[in-house]
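Accompanying notes for the structure given below.
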Amino acid sequence: QVQLVESGGGLVQAGGSLRLSCAASGRTSSSNTMGWFRQAPGKEREFVAGMRWSGGRAYYSDSVKGRFTISGDNAKNTVYLQMNSLKPEDTAVYYCASRKGFTTVAFTAPHTYSYWGQGTQVTVSS
């Protein structure tokens, strides 16, 4: 089992920045995939960013590319999502997720991730 706990959400004005953290515990592995997803009211959960837990290339949705950065600190068992130039359409509950191993197959599909945090609310005002 892997436990994930997000933090860092809040209310920010458009153009501002936030950094989300995801603390992992339990049976973590450097070969796992770590991802960030978000879900706005009335919408489906969507992929935001992801990477192999041990590092390497990061992947982003088109809507956040160039504005968000995913990174990890293995020593702290924590994954981060730095969000810059925030827009009102970024408002959502943000979730950290993990799955065993790393493959780009179905990388952006929420149902392929086994472990989820409780989510943290991000609200961007215009």
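This one's a predicted model, so the numbers in the text were calculated from it and none came from an experiment.
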Do [X] and [Y] make a side-chain contact, defined as non-hydrogen atoms from C-beta onward lying under 4.5 Å apart?
X: S98; Y: L4; result: yes
X: L81; Y: L18; result: no
X: Y115; Y: C96; result: no
X: V64; Y: R38; result: yes
X: E6; Y: L20; result: no
X: F102; Y: N32; result: no
X: Y80; Y: D73; result: yes
X: S17; Y: Q82; result: yes

Taking ring pair (Phe, Tyr, Trp, His ring centres under 6.0 Å) as the definition, give me every residue that meets it alongside Y60, ordered by chain and number, with sequence neighbours left out. none

Looking only at heavy atoms, which two atoms of R27 and V2 are closest? And how far apart? O-CG2, 3.3 Å

Heavy-atom donor-acceptor pair, T78 side chain to K76 backbone, under 3.5 Å: yes

Checking T91 side chain against P88 main chain: does a donor-acceptor pair fall under 3.5 Å? yes

Tell me yes or no: between the side chains of T112 and R99, is some donor less than 3.5 Å from an acceptor? yes

Drop me the distance from [X]'s [atom1] to [Y]'s [atom2], to the nearest 0.5 angstrom.
X: M34; Y: S54; atom1: CE; atom2: OG; result: 11.5 Å
X: R52; Y: T103; atom1: CZ; atom2: OG1; result: 9.5 Å
X: T123; Y: L11; atom1: OG1; atom2: CG; result: 6.0 Å
X: F68; Y: S85; atom1: CZ; atom2: OG; result: 9.0 Å
X: W53; Y: T33; atom1: CH2; atom2: OG1; result: 12.0 Å

Atom CD of residue position Q118 - does it have more than 12 heavy atoms of other residues, nucleotides or ligands inside 6.0 Å? yes

For the residue pair F107 and Y113, does the interplanar ring angle fall in the parallel (under 30°), tilted (30 to 60°) or perpendicular (over 60°) class? perpendicular

Compute the ring centroids of F47 and Y59, then answer whether they are less than 6.0 Å apart. no

Compute the centroid of each ring, for W116 and then for F37, and state whether the two points are separated by less than 6.0 Å. yes

Before accepting this row, confirm whether a basic side-chain N of the pair K87/D90 lies closer than 4.0 Å to the acidic partner's carboxylate O. no

Flag this pair as yes if the NZ/CZ of R45 is under 6.0 angstrom from the six-membered ring centre of Y95 and inside a 45 degree cone about the axis; otherwise no. yes

